[in-house]
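All residue numbers in this chain count up from 1 along the given sequence. Only this structure's heavy atoms are used, side chains among them; waters, hydrogens and symmetry mates stay out.
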Amino acid sequence: MTADPYTQSGEFLDVFSRDAWQALRPAVVEAMRHAAPGQEPIVDVGAGTGLGTLLVAEAVPDVDIIAVEPSPILRAVLLARVAGDEALRRRVTVVAAGVEDVRLPSRLGGVLAINMLGHLSPQRRRVFWNDLRARLAPSAPLIVNLQPPAEVTTVPQTTFASVQIGRHIYEGSGAARPSGENTVTWTMRYRILDPGGAVERELVADYPWHVITPAQVLDELTAAGFAARLRELDVVVATPHT
Ligand SMILES: C[S@@+](CC[C@H](N)C(=O)[O-])C[C@H]1O[C@@H](n2cnc3c(N)ncnc32)[C@H](O)[C@@H]1O
């Protein structure tokens, strides 16, 4: 496994991801309609704190779910989420791994890889697509999404979330700058404000992000043997080409 970019910011990921998951929900539920045709397990890759895992469990009853998450801090939240729910405890296995070292079952009923593609280099993506193509059951979906920027560019400082919890406001913002042929570096700023607006805590974290355009991801998936379509909110759904 490589260095964990969420060592510090992991504390806030669940709080800042909730609204995004509300928006993604219909597209992901729809994409899961043909998942697990033979009750094969579904994998949530880079499951984070488990918001997507929870949605898979709701959308596809009964089948086992494998939640793969390399970051210890995010995995702790994920494990607590699973442990706190009787139904999830029976179905969800949490695996400490990344795409590079995970050992997956030979047959899969679906794969979710949401908000994580930018962590994979172009070479790693190709290996990942080929590996999943060999394992996915016919009609089983691979669901990924794209996040901005699609190209190497500068993204000015933007506040993307402001969430009140108790007396605190959690504010997340970020800016990106070009840092390589296919990468930008995001500088994320997380602030906790008191009711008067004063900053109680502030944390700044950098992480590299591989950019990819919708056309590129569709091409890569087609080359790996998938039929892939771009849906709303830059969600891409791919099924093994027959
Ligand atoms: C922005 S978070 C998204 C988490 C979750 N999928 C969600 O949407 O709420 C990106 C996730 O990708 C994971 N990740 C980073 N590198 C990875 C890798 N090489 N293999 C699998 N997951 C990885 C991170 O640990 C983190 O959980």
*Could you state whether Ile192 and Val15 fall into the same hydrophobic cluster, counting links through intermediate Ile, Leu, Val, Met, Phe, Trp or Tyr residues with side-chain heavy atoms under 4.5 angstrom apart?*
yes

_Any Leu193 side-chain heavy atom under 4.5 Å of Glu200 side chain_ = no

*Are Leu136 and Thr239 close enough, and set up right, to give a side-chain contact (heavy atoms from CB on, under 4.5 Å), and what steps lead you there?*
CA-CA 8 Å; Leu136 277 164; Thr239 47; over 6 Å; no

*asked:* Let me confirm one number: the CG-CD distance from Leu51 to Gln22, rounded to the nearest 0.5 Å.
replied: 9.5 Å

*Are Trp21 and Val60 connected in a single hydrophobic cluster, I mean Ile/Leu/Val/Met/Phe/Trp/Tyr linked by side-chain heavy atoms less than 4.5 Å apart?*
yes

*Would you say the side chain of Glu220 lies within less than 4.5 Å of the side chain of Trp129, judging by non-hydrogen atoms?*
yes

*Do Val45 and Val217 share a hydrophobic cluster, counting only Ile, Leu, Val, Met, Phe, Trp and Tyr and linking them when any side-chain heavy atoms are less than 4.5 Å apart?*
yes

*Heavy-atom check, side chain of Val236 versus side chain of Asn145, under 4.5 Å*: no

*asked:* For Asp194, I'd like to know if atom CG has over 12 heavy atoms of other residues, nucleotides or ligands within 6.0 Å.
replied: yes

*asked:* Can you confirm whether the side chains of Ser162 and Glu171 place a donor and an acceptor under 3.5 Å from each other?
replied: no

*Between Arg81 and Asp14, does at least one N-O distance fall below 4.0 Å, as a salt bridge requires?*
yes

*So does Glu181 have more than 12 non-hydrogen atoms from other groups sitting under 6.0 Å from CD?*
no

*asked:* Is it true that, when you exclude Arg229 itself, more than 12 heavy atoms of the residues, nucleotides or ligands shown sit nearer than 6.0 Å to its CZ?
replied: no

*asked:* For a quick test of reading the model, state the closest non-hydrogen atom pair linking Ala134 to Arg107 and the distance between them.
replied: O-NH1, 3.8 Å

_Between the side chains of Arg89 and Asp85, is the shortest nitrogen-to-carboxylate-oxygen separation below 4.0 Å, so that they form an ion pair?_
no

*Centroid separation Phe160 to Phe16 less than 6.0 Å*: yes

*Any Ile114 side-chain heavy atom under 4.5 Å of Leu24 side chain*: yes

*Does some side-chain heavy atom of Glu40 sit less than 4.5 Å from a side-chain heavy atom of Arg135?*
no

*Going through the checks in order, is the side-chain contact (heavy atoms from CB on, under 4.5 Å) test met by Leu104 and Val43?*
CA-CA 8 Å; Leu104 294 173; Val43 183; 3.9 Å; yes

*May I ask you to decide if Ala57's main-chain N or O and Arg91's side chain share a donor-acceptor pair within less than 3.5 Å?*
yes

*Evaluation steps, side-chain contact (heavy atoms from CB on, under 4.5 Å), between Ser173 and Arg189*: CA-CA 5 Å; Ser173 62; Arg189 185 177 299 272; 3.5 Å; yes

*When rounded to the nearest 0.5 angstrom, what distance separates CG in Leu108 from CG in Leu132?*
7.0 Å

*Is the side chain of Asn130 donor-acceptor paired with the backbone N or O of Val127 at a distance under 3.5 Å, no angle test?*
no

*Any luck finding a side-chain donor-acceptor pair between Gln147 and Asn115 under 3.5 Å?*
yes

*Is the His119 ring parallel, tilted or perpendicular to the Trp209 ring (thresholds 30°, 60°)?*
perpendicular

_Within the 3.5 Å criterion, strictly below it, is a donor on Thr187 or Arg177 matched to an acceptor on the partner's side chain?_
yes

*Would you say the side-chain atoms of Thr158 pair up with the backbone N or O of Pro156, donor to acceptor, closer than 3.5 Å?*
yes

*If two hydrophobic side chains count as joined below 4.5 Å and joins carry through other members, does Ile143 share a cluster with Val99?*
no

_If I take atom NE2 from residue His168 and atom CZ from residue Arg191, how far apart are they, to the nearest 0.5 angstrom?_
13.5 Å

*asked:* Would a single hydrophobic cluster contain both Leu117 and Val28, if residues Ile, Leu, Val, Met, Phe, Trp and Tyr are joined by side-chain heavy-atom contacts under 4.5 Å?
replied: no

*Closest heavy-atom contact between Ala140 and Gly109?*
CB-O, 3.2 Å

_Euclidean distance, Ile73 CD1 relative to Phe12 CZ, rounded to 0.5 Å_ = 9.0 Å

*Around atom CD of Glu151, are there more than 12 heavy atoms of other residues, nucleotides or ligands at under 6.0 Å?*
no

*Give the minimum heavy-atom separation between Arg125 and Leu120, together with the two atoms involved.*
NH1-O, 3.6 Å

_Gln164 atom CD, over 12 foreign heavy atoms within 6.0 Å_ = yes

*So, does Arg133 use its side chain to make a donor-acceptor pair with the main chain of Gly225 at under 3.5 Å?*
yes

_Heavy-atom side-chain proximity of Arg126 to Pro122 below 4.5 angstrom_ = yes

*asked:* Please find the pair of heavy atoms, one from Leu233 and one from Ala23, that lie closest to each other, and give the distance.
replied: CD1-O, 3.3 Å

_For the CD1 atom of Ile66 and the CG atom of Asp44, what is their distance to the nearest 0.5 Å?_
11.0 Å

*asked:* Whether the Thr185 and Asp206 side chains hold a donor-acceptor pair (N or O, under 3.5 Å, no angle test) is what I'd like checked.
replied: no

*Does the side chain of Met116 reach to within under 4.5 Å of the side chain of Glu69, using non-hydrogen atoms?*
no

_Closest heavy-atom pair and its distance - Pro37, Pro138_ = CG-O, 3.5 Å

*Just do the side-chain contact (heavy atoms from CB on, under 4.5 Å) check on Thr49 and Leu78 with the steps written out, would you?*
CA-CA 4 Å; Thr49 63; Leu78 167 67; 5.5 Å; no

*What pair of heavy atoms forms the shortest contact from Phe226 to Pro240, and how long is it?*
CD2-N, 3.8 Å

_Contact between Trp186 and Pro149 at the side-chain level, heavy atoms closer than 4.5 Å - yes or no?_
yes

*Interatomic distance, Leu88 atom CG to Thr53 atom OG1 [nearest 0.5 angstrom]*: 8.5 Å

_Side-chain donor/acceptor of Glu30 to backbone N/O of Ala27, under 3.5 Å_ = no

